[in-house]
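The analysis underlying the following values was restricted to heavy atoms, covering all of them including side chains, and did not include hydrogens, waters or symmetry mates. Ligands are counted one by one from 1 in listed order, and the atoms in each one are counted from 1 as well. Sequential numbering from 1 along the given sequence is applied to the chain's residues.
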Amino acid sequence: MSWLYYRELDRLLMQLRQLYSSVEVSSELRGWNWSNDLLSPPVENVYFGVSELANRYCSTFRDIYLRRVAGVFAPITFKTVRGWLYHALSSRSASILKSTLYSHGLVRGIELIKMLEKERSSIVDSLIEEYNVNRYLSSEEVDLLRNDLHVLFDYFVVQAASRLDVVLSEVRYAKLESIINRVAPQVSEKLVDGRLLGLSKELRIDVMLDNRVIIDIKTGDVRDFHKYALAGYALAIESDLEIPIDYGLITYLSVVNGRVKISNKMYFIGDELRREFIEIRDEAFNIFSSGQDPGKPASCPEYCIYYSVCRGG
Ligand code: SF4
């Protein structure tokens, strides 16, 4: 995740900290208090994914009924596969960046670019194979995705090289370990156990920074409900690791006409967001326990992953 623009991150964080300087998260809404009436899951031994709950395309929760009760899974579309691959490339490129710097030392940015670019095709092709992409997409779609992955990889590499040069230019004594930590994120794909809150055992948080900011990467359009994922992950980290998480970032990552587009939205993960997430979780448990089809809302967004199942076409 060398492409994170740390100065922008610091700026967003400073703005939010000023705005919420006098606001405290209530103790009853900290994940480590998972055994209280508010946070403890209403049903035992059932666990939901954070995205499954947070991605509230459906106001009646029919998506939960279809997946968890009727056993109907959403079709795997181009967007689904693209999401898998962008996340995988982002995480893989951070690992390769680190291993290259560990094995070659603190090279200049331009040298880093030359080294990493040699790996581009093999990394992209191996991901396409690993995720069995040819099974889900047509050959034209695979080619389109491959091109976008090349563009994305180039972007990651150039940003990493630029950041490496900037960091090296600012420090007097360059120590390999500390420079690498400033060029690549501290924890990429953090694994968290959310079971104490009725969430999955293996939640994967895209990035967790040393300053306790969590980052969730989205590869589709901006949706207001994405913020609930931050609340879910913050609660899960607090319950599993007892580390307070107050801020989170949603990073929107896309490739449009051969260019990478990135935008960020930072959130304070306060009481309101936490309560809303817990209400969503509890409603999902209700649907699961009752086993009843909640029906469709008056209208469905065409971008809902179950649209073809519920509305045909
Ligand atoms: S298509 Fe409509 S009813 Fe079906 S899950 Fe999506 S929003 Fe709900």
Self-check item: For Y307, the ligand 1 atoms whose distance to one of its heavy atoms is below 4.0 Å
Solution: 1 (S)
Practice problem: Could you list the atoms of ligand 1 found under 4.0 angstrom from a heavy atom of Y306? | Solution: 1 (S), 5 (S)
Self-check item: Y86 vs V255 side-chain heavy atoms within contact, under 4.5 Å
Solution: yes
Quiz item: Can you tell me the protein heavy atom closest to atom 2 (Fe) of ligand 1 and the distance?
Solution: C300 SG, 2.3 Å
Quiz item: Has C304 got an N, O or S atom lying less than 2.8 Å from atom 8 (Fe) of ligand 1?
Solution: no
Quiz prompt | Close-contact set for ligand 1 against K296 heavy atoms, below 4.0 Å | solution = 3 (S)
Quiz prompt | Sub-4.0 Å heavy-atom approach of T60 to ligand 1 | solution = no
Quiz item: Do H87 and T219 touch side chain to side chain, with heavy atoms closer than 4.5 Å?
Solution: yes
Exercise. Flag the pair F78 / Y136 as yes when their ring centroid distance falls below 6.0 Å, and as no otherwise.
Key: no
Self-check item: Shortest protein heavy-atom distance from atom 8 (Fe) of ligand 1, along with the residue and atom involved
Solution: C58 SG, 2.3 Å
Quiz item: So if you build clusters from Ile, Leu, Val, Met, Phe, Trp, Tyr with side-chain heavy-atom gaps below 4.5 Å, do L13 and V23 land together?
Solution: yes
Self-check item: For atom 3 (S) of ligand 1, closest protein heavy-atom neighbour
Solution: P297 CD, 3.5 Å
Quiz item: Using a distance-only test with no angle check, is there a side-chain donor-acceptor pair under 3.5 angstrom linking D216 and H226?
Solution: no
Quiz item: Between Y247 and F268, how do the two ring planes meet: parallel, tilted or perpendicular, split at 30° and 60°?
Solution: tilted
Quiz item: Can you tell me if C310 has an N, O or S atom under 2.8 Å away from atom 4 (Fe) of ligand 1?
Solution: yes
Exercise. Run the ring-centre check on Y65 versus F288 and record whether the distance is less than 6.0 Å.
Key: no
